[in-house]
Structure formats: structure tokens, C-alpha cells
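This is the structure I have questions about; it appears just below.
Order of appearance sets the numbers: ligands from 1, and atoms from 1 within every ligand.
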Amino acid sequence: EDRTGNGSFRVFEPAMRAKLKQRREMELDLKAALDSEEFELYYQPFVDIVDKRVSGFEALLRWRHPQKGMISPGDFIPLAEEAGVIERLGIWCLETACTEASTWPQSMTISVNLSPMQFKSPTLLADIDRALAKSGLAASRLQIEVTESLFLDESDRVLDILREMRRRGLTVSMDDFGTGYSSLGYLSRFSFNKLKIDQSFVRDLERAENIAIVRAVIGLSKSLKMQVLAEGIETEGQMRRLLAEGCREMQGYFFSTPQPKEELPRVIADITKR
Ligand code: C2E
Ligand code: CA
Ligand code: CA
Ligand code: CA
């Protein structure tokens, strides 16, 4: 079928069809992956630079595909959303992360990323309650990370759910702060506990623009009484610079890449004796 009349549709069609087919297959694989236990959580530490201690870990999802090997979440999360498995996958992440964190020292928190789609589920809060109850983890040790895209369709429902999370004692963090397309209006409608400065601003701190942005975000977090964490710290120079700007909690390859749970005692020991 060629509706464009110039033939270009016909040229692209086979390639497009192959792509679509590949996507359908991946979606089917995703649906099966939960049952065949192909998902795993890796954990990356949050470091309190002043106290030289691990303050918590972020859970980062990994998919070990039987044929394709390790697939990164940036590639399969959008597919999981389209395939309608993000809700089940999200519940699995919450329960697995809370259970794992319940074995750590009390002073350490666990951060879980939530996709905006999970907020469409009528059972999100109940799912969180169940993950906490099953694991015995205190609500105060669970942090929820959301991105600005959650506010693209400014709904009161989303704000209500976030407020319920805070009422339960959870920490609610704004991830990748400053990279979304939403306005800052949501900051006056909901008080986040924490802002995470995106790694794109940390990457090139020699640029005056990036230093200015980092300084402004730290200032904003202080005046709105939010904690602040800098992501993507890869060098000692970046660490020192951010510390000098007044940011004490950090995360990045400089401290540790995301690691499987077996490695966490070693990660904690390495960071503590630095
Ligand atoms: P994110 O939440 O912003 O996570 C940080 C990403 O940056 C992770 O990639 C992490 O491995 C990477 N990273 C950490 N430190 C450094 C560094 O120093 N340098 C560089 N270049 N990168 C660093 P990852 O694990 O591939 O995750 C990518 C994204 O996938 C996450 O971005 C998050 O948006 C999403 N994601 C991961 N796990 C989950 C999950 O369980 N649920 C949902 N909904 N999304 C998830
Ligand atoms: Ca995150
Ligand atoms: Ca982030
Ligand atoms: Ca990101």
C-alpha cells in the first residue's frame, strides 16, 4: 500500500515491519521474563561525603535476556510501559528492594524509581504498603524517585498520591532535576524531600553555565528546605567542587557502579575506609 504517491513509503515499509516485529517479540519476552526470573536489581550507593558513610542505595533494574544478554533499563522500561507489564514489574522491584534493604544497617535507605505510568494504577499505595509489610522495612527507609514527566499532565491525583507517600513517612525525591520539560510550578504544590541534580550538569563543571545551574539548584533546595544529592560523580574534582558548593550527598561511578547485592558489604567497606 502506497498512499504517499511518491514511493518512499514502499521503500521504508520492510524495514519498519522488521522493527515492529522485533518490538513485538521483545514485548512477549518481557511478559515471560518476570516469571522466568530474568530480572535482577543492582544497587548503587548514596554517599554522605561529610560523614564518609553510605547513606543508602538506589535500586537499578537489570534484565538478563537469555539470548540478547544484559539489556539496560533505558531500553526496556519504555517497552514494559507499552506492553502493560510496568505495573507488575514495578511491584516486583518494590518488594525485592524492600526485602533486600531490610537486611542492611538501619541507617541505610533504599531508593526505588517509579515510572509515571505506575501512578495510573489504583493500587500503587497499597502495593507500597504491602512491600513494606512483607519486608518489615520501616517506611522512613524507603525513598521514591520520580521524574518531572510525572507533572506533564498536572493532575490532582498525582499530587494526592505523593502527599499520601509523605504522610506515610516515605522520602519523595525529584530525579534528574532540571532536565524535564515541565515548569517549576509543581514545587509550590508539593514539597519534595529531595532534589537529585542530574548528571548532565555535573559532567562538565568547568563550564560556567553548569556551575551556575548547580549553584542555583543547591540554593533552591536550601530555601525550600529540601535535601540535595548530586548524581553522576565520576571524578574526585567533581566531588570536591560539589562539596564546596554545599552539596554533601553524592552518587556516581567515582564511589561505585551499580552492583549486585552480594557485593554491597564490600562496597560499604571500601567507601567507609577511603
Ligand atoms: P536514573 O534513575 O537517573 O539512574 C541513574 C543512571 O545513571 C543509572 O543508569 C546509573 O547506572 C547511571 N550512573 C550512575 N552513576 C553514573 C556515573 O557516574 N556516570 C554515568 N555516566 N552514569 C552513571 P541505568 O541503571 O542504566 O538506569 C537508567 C535509567 O533507567 C534510570 O535513570 C531510571 O530512569 C531507569 N530505571 C532504572 N531502574 C528502574 C526501575 O526499577 N524502575 C523504573 N521505572 N525505572 C528504572
Ligand atoms: Ca533514579
Ligand atoms: Ca537520575
Ligand atoms: Ca536519568
Side-chain angles (χ1 to χ4, degrees), residues 30 33-34 38-47 54 56-64 69-101 109-121 124 127-128 131 142-150 171-180 192-205 214 217 227-239 241-242 247 249-261 263 267 271:
L30 259 177
L34 255 175
E38 290 166 22
F39 291 108
E40 195 179 343
L41 286 178
Y42 272 40
Y43 300 90
Q44 189 182 33
F46 292 174
V47 182
V54 172
F57 288 91
E58 177 174 1
L60 293 158
L61 193 55
R62 298 290 178 263
W63 180 15
R64 231 183 271 281
M70 201 71 119
I71 305 181
S72 93
D75 293 328
F76 69 79
I77 298 251
L79 275 177
E81 292 177 337
E82 273 177 55
V85 294
I86 192 69
E87 190 179 346
R88 271 183 69 211
L89 187 55
I91 292 171
W92 180 86
C93 286
L94 275 165
E95 295 194 344
T96 306
C98 289
T99 301
E100 177 53 27
T109 58
I110 177 71
S111 246
V112 177
N113 293 282
L114 291 193
S115 138
M117 255 198 185
Q118 291 179 262
F119 283 76
K120 303 217 186 295
S121 160
L124 177 59
D127 296 337
I128 290 173
L142 177 60
Q143 308 200 347
I144 296 297
E145 297 193 7
V146 299
T147 54
E148 285 167 316
S149 57
L150 185 60
T171 294
V172 184
S173 303
M174 174 51 72
D175 200 0
D176 303 346
F177 182 69
T179 60
F192 280 88
N193 296 95
K194 190 184 282 192
L195 292 184
K196 294 187 78 176
I197 303 177
D198 189 67
Q199 53 194 53
S200 59
F201 302 120
V202 169
R203 199 165 298 143
D204 189 3
L205 281 177
V214 161
V217 174
Q227 300 164 47
V228 65
L229 178 152
E231 296 188 281
I233 306 289
E234 294 183 351
T235 69
E236 181 169 2
Q238 290 167 341
M239 180 198 69
R241 192 70 209 254
L242 278 149
C247 177
E249 197 177 25
M250 303 184 198
Q251 175 183 15
Y253 295 167
F254 178 63
F255 307 103
S256 171
T257 55
Q259 295 290 322
K261 62 175 189 282
E263 297 294 324
V267 169
I271 289 171

Quiz prompt | Nearby protein N/O/S atoms (those under 3.0 Å) for the Ca ion (ligand 2), with water ignored | solution = Glu58 OE2, Asn113 OD1, Glu145 OE1, Asp175 OD2
Exercise. Answer yes or no: does an N/O atom from Ser72 fall short of 3.5 Å to an N/O atom of ligand 1?
Key: no
Quiz item: For Gln251, is the nearest heavy atom under 4.0 Å from an atom of ligand 1?
Solution: no
Quiz prompt | Sub-4.5 Å side-chain heavy-atom contact between Val228 and Glu249 | solution = no
Quiz item: Do the ring planes of Trp92 and Phe39 sit parallel (below 30°), tilted (30 to 60°) or perpendicular (above 60°)?
Solution: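 Tilted.
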Quiz item: Are any of the N or O atoms of Ile77 closer than 3.5 Å to those of ligand 1?
Solution: no
Quiz prompt | Side-chain touch Glu100/Phe57, heavy atoms, less than 4.5 angstrom | solution =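 No - every pair of side-chain heavy atoms lies 4.5 Å or more apart.
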Quiz item: For ligand 1, which atoms sit closer than 4.0 Å to a heavy atom of Gln44?
Solution: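 Those of ligand 1 that fall under 4.0 Å from Gln44 are 14 (C), 15 (N).
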Quiz item: Considering only heavy atoms from C-beta outward, does the side chain of Leu30 approach that of Trp63 to under 4.5 Å?
Solution: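 In short, these two side chains touch, coming nearer than 4.5 Å.
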Quiz item: Can you list every pair that meets salt bridge (charged side-chain N to carboxylate O under 4.0 Å, His left out) and has a residue in residues 74-86, with sequence neighbours left out?
Solution: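 Pairs touching residues 74-86 that pass the test: Arg23-Glu82.
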Practice problem: Number the atoms of ligand 1 from 1 as they appear, then name those within less than 4.0 Å of a heavy atom of Glu58, with their elements. | Solution: 2 (O), 4 (O)
Self-check item: Proximal ligand 1 atoms for Gly252, defined as those under 4.0 Å from one of its heavy atoms
Solution: 15 (N), 18 (O)
Quiz item: Strictly under 4.0 Å, does any heavy atom of Lys196 approach an atom of ligand 1?
Solution: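 No, that is not the case, since the closest heavy atom of the residue is not under 4.0 Å from the ligand.
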Quiz item: Just one of Val217, Thr179, Asp176 clears the side-chain contact (heavy atoms from CB on, under 4.5 Å) bar with Phe201, so which one?
Solution: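 Running side-chain contact (heavy atoms from CB on, under 4.5 Å) over Val217, Thr179, Asp176 with Phe201 returns exactly one hit, Thr179.
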Quiz item: Is Gln44 close to Tyr253 at the side-chain level, that is, under 4.5 Å between some pair of heavy atoms?
Solution: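 Yes; the side chains approach each other to less than 4.5 Å.
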Quiz item: Is any side-chain heavy atom of Gln238 less than 4.5 Å from a side-chain heavy atom of Phe254?
Solution: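 When only atoms from C-beta onward are counted, Phe254 and Gln238 do not touch, as no gap falls below 4.5 Å.
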Quiz item: Based purely on interatomic distance, does Asp175 place a nitrogen or oxygen under 3.5 Å from a nitrogen or oxygen of ligand 1?
Solution: yes
Quiz prompt | Heavy-atom side-chain proximity of Val112 to Ile128 below 4.5 angstrom | solution =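 No, too far: nothing below the 4.5 Å cut-off.
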Quiz item: Under a 4.5 Å cut-off applied to non-hydrogen side-chain atoms, are Tyr43 and Val267 in contact?
Solution: no
Self-check item: Heavy-atom proximity to atom 28 (C) of ligand 1, best of Ser173, Pro73, Ala59
Solution: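 Shortest heavy-atom distance from atom 28 (C) of ligand 1: Pro73.
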Self-check item: Sub-4.0 Å atoms of ligand 1 with respect to non-hydrogen atoms of Gln199
Solution: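 Every atom of ligand 1 under 4.0 Å from some heavy atom of Gln199: 7 (O), 13 (N), 20 (C), 21 (N), 22 (N), 23 (C).
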Practice problem: Just jot down the ligand 1 atoms closer than 4.0 angstrom to any heavy atom of Glu234, in number order. | Solution: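 Reading through ligand 1 atom by atom, the close ones are 17 (C), 18 (O), 19 (N), 20 (C), 21 (N).
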Exercise. From atom 13 (N) of ligand 1, work out which of Tyr42, Tyr253, Phe76 has a heavy atom at the shortest distance.
Key: Tyr253
Self-check item: Atoms in ligand 1 with a heavy atom of Cys93 nearer than 4.0 Å
Solution: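 Result: 41 (O).
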Quiz item: Does an N or O anywhere in Glu145 fall below 3.5 Å from an N or O of ligand 1?
Solution: no
